[in-house]
Every structure is written in C-alpha cells, then in structure tokens.
Amino acid sequence: MAAVRDACRARQAAQRLSAMLRGLLLSFAYLGFFGWGFRAPFALVLGYLWVDGANPQFLSYGVGLLPMIPVSMIIGIAAVGAYFLMDRREAPRLNAAVVLTTLFAIWCTFTTFVLAEVPDFAAKKWDVAIKTLLFCAFIPYTVRSRVQIEAFLHVLVFSTLVFTLPVGLKTLISGGGYGKALSLVEGNSGLSEGSFLAAVSLMLIPILFYISQHSLILDLAKLRKPTCLGLVIIAIAAAIGTYERTALIGMVVVGGFMWLKSRRKLLFGAFALIVALVIVYTASAGWSARMATTQTYQQDDSALGRVLVWKWTLGYVASHPFGGGFNAYVIDHIVFPDGSEAFGKAFHSIYFEVLGEQGFPGLLMFSGLLVYTFLAIRRVRRSTKSLPTLLWAHDLAGALHVALLTILACGAFIGIGFQPFIYYLVMAVTCLAENVRKAHLAMAEPAITRHDVRILPQRNLAPRPVPLTPVSPAPSRAAVPWRQRAPGVADNVRPG
Amino acid sequence: MIDNFTLLVTTALIVMVMVRAVKLDAILPWFDPRPTEELLRKEAAKRGRRRSWQPSGTPVAPDKRHSG
C-alpha cells in the first residue's frame with residue numbers, strides 16, 4: 001500500500017515538474033518574440049500568429065507567465081505599435097483584400113450591435129471575430145519580403161503542428177477514433193474539434209511541399225525534405241485519426257488539385273496512389289463504416305440535420321436579408337422526417353454561417369474576398385510562369401491555391417467562417433501578390449548584386465541597396481572575384 | 001510523452017524560424033530576387049566545400065568548377 005502511495009506521489013511530482021518546465025519554455029518563447037520584435041517588428045506578427053494558432057496560454061496548464069496575462073492582446077498591440085513607430089517602409093498599395101476585410105469587420109459590428117437575434121451571445125463571438133478580421137487586414141503592411149512571407153507560413157504550419165502532431169503520432173501508434181481526446185487540449189472548440197483539425201491538417205500539406213522545395217529559412221535541404229514528407233504523413237494520419245467525414249472530402253480535394261498543379265504528375269500520382277492504398281488497407285472497420293455514411297446521409301441524423309439547418313437558413317434570410325448577427329443559429333428549429341425536433345443546431349458550413357449571421361451583404365463581402373484572392377493567385381502564377389528567379393512565387397501561389405480550396409471544401413461542412421485560417425491564407429496571397437508586383441518593378445531596373453548590398457546587422461532597417469556599379473546583365477562569377485567586396489559586406493557571411 | 005515532445009519540438013522550431021527570418025531579412029533585398037538566387041548559389045557552393053569540423057562562418061574557397 002505504501003509503495004503504491006509513493007508511486008502516486010512520485011508521479012504527481014513528475015507531472016508538476018513537467019507542467020512547470022512547459023510553462024517556463026512557453027513563457028520564454030513568448031518573451032523572445034518581444035526581444036526580436038525590437039530588432040525587426042514583423043517578429044511580433046509571427047508571435048501573434050503563434051499565440052493565435054498554438055494557444056500557449058492553454059498549454060501552460062496554469063504555470064508560468066502566460067495564463068496570467070492577455071497574451072494575444074498584448075502581442076497584437078505591440079505588433080501594431082511597433083509597425084507605426086519603427087517599420088513603416090515599403091507599405092503595400094491599398095488593395096481589395098484589405099478594404100473588403102475591413103468592411104466585413106465593420107458590417108459584422110453593425111449586425112452584432114443592431115440586428116443580433118441574441119445580442120449577448122453574438123457579442124461573445126464578435127469579440128473573437130473582430131480581432132481576427134482587423135489583425136488580418138493589418139498583416140499585408142508588415143509581411144512584405146519573401147523571407148517575411150515564408151516566415152509567416154512556417155509559423156502558421158508549426159503553430160498548427162502543436163495540435164496536428166500529437167493526433168497524427170497517436171493515430172500512427174494506436175489508431176484514432178471518433179470523438180477521442182487525442183489532442184493536447186481537451187474539449188470541442190478550435191483545433192481540438194475533430195473536423196476542424198482534419199481540415200487544417202490537410203490544408204498544411206501543400207504548404208509543407210512548398211517548404212520542402214523552396215524554404216530559405218530552413219536551409220538544410222537534406223534534412224528539410226524528409227522532415228516535410230514525414231510531417232505530410234503525420235498530417236494525413238491526423239486527419240484520418242479524427243474519423244471525420246470532412247477529412248475524406250479534404251483528402252480528395254488536396255490530392256486532386258496537387259496532382260493537377262504538380263510538375264511531375266506521374267511521380268505524384270504514384271505517391272498519391274500508394275497513400276490511398278495504405279489508407280484503404282490499414283484503416284479500421286470503424287473508419288470505413290463512418291466514411292460509408294456519406295452515401296446514406298438521409299439515414300444519418302448528423303448529416304441530415306445539417307441539410308435541414310441549411311434549409312432553415314435559406315428561409316430565415318429570405319425574411320431577414322441582413323442576417324441575425326453572430327450565433328443566430330440558436331433560434332433555429334428543425335424537424336426530422338421521423339417527427340423528432342432539434343433546436344439551436346449550428347450552421348455546420350462557412351457559407352451558411354456567413355449568410356445566416358451576416359446576411360446577403362456579409363456573404364457578398366466574404367465571397368468578394370475569396371474571388372479577389374483567386375484572381376490574385378491567377379495573376380501571380382501567370383506573371384511568374386516563365387521566370388526562374390520567381391519560381392518560388394509561382395509554386396507558393398499554387399500551394400496557397402490548393403490550401404485555400406481544401407479548407408473551403410472542408411468548410412462547406414463545418415462552421416469555421418470566422419476562424420483565422422481562411423483569412424491568413426487570403427492575406428498570404430495578398431502579401432505574395434504585392435511582393436511579386438514589386439519584384440517585377442525591381443527586375444526592370446539594372447541588376448544589383450549582393451556585393452552591392454550593405455548589411456545593417458544591428459538596425460531595424462532592411463538593407464538599402466547601394467548601387468555602386470549597375471551591372472547589366474548579371475555578372476558572371478569570373479567577372480566578380482570572390483573576395484571582392486563592397487564596403488561593409490563580408491562575402492563569407494553565412495546567415496543563421 | 002508525445003505531448004511534451006510536441007511542445008518542445010514545435011516551440012523550438014518556431015523560435016528558430018523567427019530568429020533566422022529576422023537575420024535573413026536584414027541581409028536580403030526585399031523585392032529583387034536576383035541577389036537571393038546568387039546567395040543561394042553561393043551557399044550551396046560553400047556547403048559543398050566546408051568540412052564538418054569547420055564553423056559555419058569559416059571562409060572557404062569558391063567552387064572552382066564554375067569560377068572560370
């Protein structure tokens with residue numbers, strides 16, 4: 001008996017120590033963003049992204065600095081303040097994405113405080129959604145260069161991995177299950193919710209492929225490619241492990257569109273086929289049975305309930321064209337064919353969520369944002385198609401296209417219209433389009449070699465090119481001896 | 001154990017990404033892609049020539065196959 005008691009005490013002590021170390025690790029990481037933010041303010045935007053994606057305040061288990069302070073608000077204010085005080089350079093042109101996102105935020109505020117069916121409940125969701133929308137409208141002003149865009153995407157991926165990695169690993173080791181608590185944070189909200197996690201996990205796949213091919217930040221190519229491939233497998237495993245039907249739709253979309261955009265269709269097709277065969281032959285009977293319900297949705301209460309809620313929404317907006325404000329679903333009332341009733345069933349679709357909550361004007365703004373994004377992707381891909389120096393932008397636009405299509409396809413069956421991931425992807429495309437526009441302008445000028453670039457390691461300013469000798473065309477290595485340097489440039493500097 | 005491993009790895013990765021992004025962003029021009037290409041070529045050449053015991057900042061001879 002005493003031995004059991006001692007073992008319990010030792011285990012509790014180990015858990016306390018583990019929680020304390022976690023809290024310290026996350027607190028130091030959080031403070032690190034501020035430290036580097038003074039040197040380069042876009043680091044604070046990365047910090048906000050990390051806080052928003054990984055929710056470190058919930059992962060600290062009440063230990064350390066983070067659970068005691070409003071982490072998101074502090075770093076958000078710091079990011080905006082640092083931009084206005086230290087970093088207002090190369091601001092992008094005012095574009096439709098920023099305008100539409102801001103208008104959408106204003107409209108959401110109007111519906112919440114004037115039209116809401118359930119004002120108190122609507123205000124709770126508004127408090128989250130307005131921060132997402134306004135911060136996303138701010139992102140294009142701070143994320144401008146290629147490195148910043150890549151850093152934004154890397155942090156987006158690695159923040160999400162906090163939820164994807166444990167689910168994927170546990171699924172690979174012991175199998176998943178519908179409604180099983182495999183994530184770091186228990187509950188049914190945010191990325192702890194199965195279908196949302198599946199959608200986001202699959203959304204990461206094209207971005208991981210981009211990172212494996214083009215990342216400037218992770219420069220160990222030999223290590224980067226197998227790591228990214230491993231993370232792709234873990235993302236697929238995480239999606240399968242949730243047992244969500246949304247995952248099946250997402251896998252079809254991500255696989256199909258990535259194959260269409262692939263330059264090596266045969267190789268990618270073979271890889272996709274192997275993955276599909278492995279899934280079919282290793283998936284449990286429970287997973288197969290769950291997927292089979294997509295064909296018999298009329299007998300499945302969950303699926304049929306969604307269809308009935310969507311019908312209710314169409315009827316509701318016919319009489320309330322400006323929507324019912326956030327969380328308007330709580331007033332719905334649906335009747336199943338067998339006579340049973342349900343009240344307050346959620347929209348389970350981003351399109352019906354936006355329509356029911358923000359009405360036709362809101363849906364128009366949201367659709368306009370998506371249309372603008374797809375047009376921007378098309379513009380970027382066309383303008384970079386035959387330029388080897390902008391191959392990264394061409395591939396990144398393709399990756400973001402597939403990622404956006406995946407989350408929009410999955411989002412047709414889950415209510416994530418005001419979760420930040422869609423808006424992050426939209427803003428990544430906006431930043432990329434602006435960067436490519438400026439790259440075309442820069443390339444129209446005489447080439448500036450790296451020998452002409454002054455390094456300013458201790459300042460918060462990006463390097464100002466000092467055009468010593470405009471060289472056109474770009475000099476060969478024979479013409480520029482390797483030890484030749486411009487003032488202040490050390491040729492053997494190896495970043496990182 | 002998986003949970004702690006996840007937290008450790010992802011946090012380390014994110015901090016590494018932030019630090020390296022800040023350093024790279026201060027070196028590379030923001031919009032002209034040509035110096036980036038040049039840097040990448042140079043990095044690849046250096047990586048090929050550096051010995052494992054040499055620190056990353058060690059000056060190394062250029063790759064003579066392309067230097068004429």
Side-chain angles (χ1 to χ4, degrees), chain A residues 18 22 25-26 29 32-33 36 39-40 42-43 46-47 50 54 59 90 144-148 150-151 154-155 158-159 161-162 165-166 169-170 184 216-219 389-390 435 438-439 441-443 447-450 453 455-457 459 462-463 465 474 476-478 482 492-496, chain B:
Chain A
S18 168
R22 279 185 198 185
L25 173 77
L26 295 169
F33 283 105
W36 286 88
R39 185 168 168 180
F42 83 92
L46 301 182
W50 173 62
L59 301 175
E90 302 285 356
R144 293 150 288 182
S145 66
R146 174 181 173 180
V147 172
Q148 292 173 356
E150 283 196 0
H154 281 70
V155 173
F158 296 139
S159 303
L161 274 182
V162 171
L165 197 61
L169 287 176
K170 288 170 189 172
L184 275 178
L216 283 177
I217 293 172
L218 303 180
D219 68 336
T389 50
L390 289 176
N435 182 281
K438 288 185 174 171
L441 291 176
M443 285 196 297
I448 299 167
T449 69
R450 186 165 176 266
V453 176
I455 299 175
L456 301 172
R459 295 179 61 188
S476 68
R477 294 177 67 90
W482 77 284
N492 59 359
V493 166
R494 184 170 179 275
Chain B
M1 197 180 85
I2 288 177
D3 292 356
N4 286 337
F5 167 79
T6 300
L7 269 182
L8 191 65
V9 168
T10 54
T11 309
L13 273 172
I14 286 168
V15 171
M16 191 191 79
V17 164
M18 177 194 63
V19 171
R20 189 161 158 75
V22 169
K23 285 183 175 179
L24 268 182
D25 201 48
I27 293 169
L28 294 173
W30 280 10
F31 304 113
D32 191 344
R34 290 165 295 187
T36 309
E37 292 296 314
E38 190 190 344
L39 173 76
L40 289 176
R41 277 200 303 274
K42 203 169 285 180
E43 290 294 315
K46 277 183 189 175
R47 197 176 293 124
R49 300 284 297 175
R50 193 188 306 116
R51 301 292 178 264
S52 59
W53 46 267
Q54 290 178 314
S56 61
T58 306
V60 290
D63 188 347
K64 287 181 182 172
R65 286 172 297 181
H66 305 294
S67 63

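Throughout, protein chains are lettered first and strands after them, A, B, ... in sequence-line order, and every chain is numbered starting at 1.
The parts of B:Val17 that come within reach of chain A are both its backbone and its side chain, each placing non-hydrogen atoms under 4.5 angstrom from that chain. Both the backbone and the side chain of A:Leu161 come within less than 4.5 Å of a heavy atom of chain B. Heavy atoms of B:Thr6 lying under 4.5 Å from chain A belong to its backbone as well as its side chain.
In terms of modelled atom types and a separation under 3.5 Å, the side chain of B:Arg20 and the main chain of A:Leu216 share a donor-acceptor contact.
Most heavy-atom pairs under 4.5 Å with chain B, from the set A:Leu390, A:Asn435, A:Val155, A:Leu26: that is A:Asn435. For chain A, the option among B:Val15, B:Leu13, B:Val9 with the highest count of heavy-atom pairs below 4.5 Å is B:Leu13.
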**Report entry** Residue pair A:Leu165, B:Phe5: steps toward the side chain to side chain contact (heavy atoms under 4.5 Å, CB included) verdict
**Finding:** CA-CA 10 Å; A:Leu165 197 61; B:Phe5 167 79; 4.2 Å; yes
Requested in this report: Start with the C-alpha distance between A:Trp36 and B:Lys23, add both sets of side-chain angles, then the distance that settles side chain to side chain contact (heavy atoms under 4.5 Å, CB included), and finish with yes or no.
Outcome: CA-CA 10 Å; A:Trp36 286 88; B:Lys23 285 183 175 179; 4.3 Å; yes
**Report entry** Residue pair A:Leu218, B:Met16: steps toward the side chain to side chain contact (heavy atoms under 4.5 Å, CB included) verdict
**Finding:** CA-CA 9 Å; A:Leu218 303 180; B:Met16 191 191 79; 3.3 Å; yes
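The two residues B:Ala21 and A:Ile217 have their closest heavy-atom pair at CB-CD1, 4.0 Å. Closest heavy-atom contact between A:Phe33 and B:Ile14: CZ-CG2, 3.5 Å.
If you take CG on B:Asp25 and CZ on A:Arg146, they are separated by 12.0 Å, rounding to the nearest 0.5 Å. Rounding to the nearest 0.5 Å places CG of B:Leu28 at 11.0 Å from CD of A:Gln148. We find the NZ-CH2 distance between A:Lys438 and B:Trp30 to be 8.5 Å, quoted to the nearest 0.5 Å. To the nearest 0.5 Å, atom CZ of residue A:Phe158 and atom OG1 of residue B:Thr11 are 12.0 Å apart.
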